Amino acid sequence: LKFKESGIKMEVDLIADTVRVTNLTGELLSMTGWRLESEVGTQHFKFPEGYELAADAHVTVWSGKGADKHNKPPENLFWTKRFIWNNEGDSAVLRNAEGEIVQAVEGHPLDADEAREIVAERSQDG
């Protein structure tokens, strides 16, 4: 499967400590052997053996305190209870089983107003 630039969408949330990967290829995507990497600190998450992402579906990979509570495959996967994404800025890199970069995205720190807005929204959610 050859990837177009728009074939895989990836978003990193430095505050929630999550990465969301969306399959826009129009085909079922086998992610066995794929890795998600943090460039700051060089941590990596290996997708489970046999993991597949349906066309137009997404998966969120969770890390940080309480991340294990979100482990509900196939839409949500647990990485670690450690915080992975550097709140000062970090890049997420997705590599296929051959080690080729499929997608990369840079997470930027929030300004004070954005941070307050997110905290307010999350406190209302419960």
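Here the structure is a predicted model, which is why all the values come from computation and not from measurement.
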From CG (L24) to CD (Q103), nearest 0.5 Å: 9.5 Å
S30 OG to L53 CG distance, which is reported to the nearest 0.5 Å: 10.5 Å
W79 CH2 to H44 NE2 distance, which is reported to the nearest 0.5 Å: 8.5 Å
Minimum side-chain heavy-atom gap V19-T60 below 4.5 Å: no
Exercise: identify the closest heavy-atom pair between I84 and S38: CG2-CB, 3.7 Å
Side-chain heavy atoms of E11 within contact of T18, under 4.5 Å: no
Heavy-atom side-chain proximity of K65 to F83 below 4.5 angstrom: yes
D90 side-chain N/O to G107 backbone N/O, donor-acceptor pair under 3.5 Å: no
Donor-acceptor side-chain pairing of N71 and W62 below 3.5 angstrom: no
Heavy-atom side-chain contact between I8 and T25 under 4.5 Å: yes
Short side-chain to backbone donor-acceptor contact, N23 and A57, under 3.5 Å: no
Separation between CG of N86 and CG of L14, rounded to the nearest 0.5 Å: 7.5 Å
Euclidean distance, R35 CZ relative to Q43 CD, rounded to 0.5 Å: 11.5 Å
Minimum side-chain heavy-atom gap W85-I15 below 4.5 Å: no
Evaluation steps, side-chain contact (heavy atoms from CB on, under 4.5 Å), between V59 and N76: CA-CA 6 Å; V59 59; N76 293 281; over 6 Å; no
Close side-chain approach of V102 and W34, heavy atoms under 4.5 Å: yes
Over 12 foreign heavy atoms within 6.0 Å of CD, E49: no
Worked verdict on N96 versus M31 for side-chain contact (heavy atoms from CB on, under 4.5 Å): CA-CA 7 Å; N96 64 19; M31 296 183 77; over 6 Å; no
For the student: nearest non-hydrogen atoms of G26 and A55, plus distance: C-CB, 3.5 Å
Side-chain donor-acceptor contact under 3.5 Å, D17 with S63: yes
Ion pair R95/E37, N-O distance below 4.0 Å: yes
F47 and Y51 aromatic ring geometry - parallel, tilted or perpendicular at 30°/60° bounds: tilted
Heavy-atom pair with the smallest gap, counting every atom of L77 and P48: CD1-CD, 4.1 Å
ILVMFWY cluster, M10 and V93 together (side-chain gap under 4.5 Å): no
Validation row: E106, E39 side chains within 4.5 angstrom (heavy atoms): no
Approximate separation, where rounding is to 0.5 Å, of K9 NZ and R20 CZ: 7.5 Å
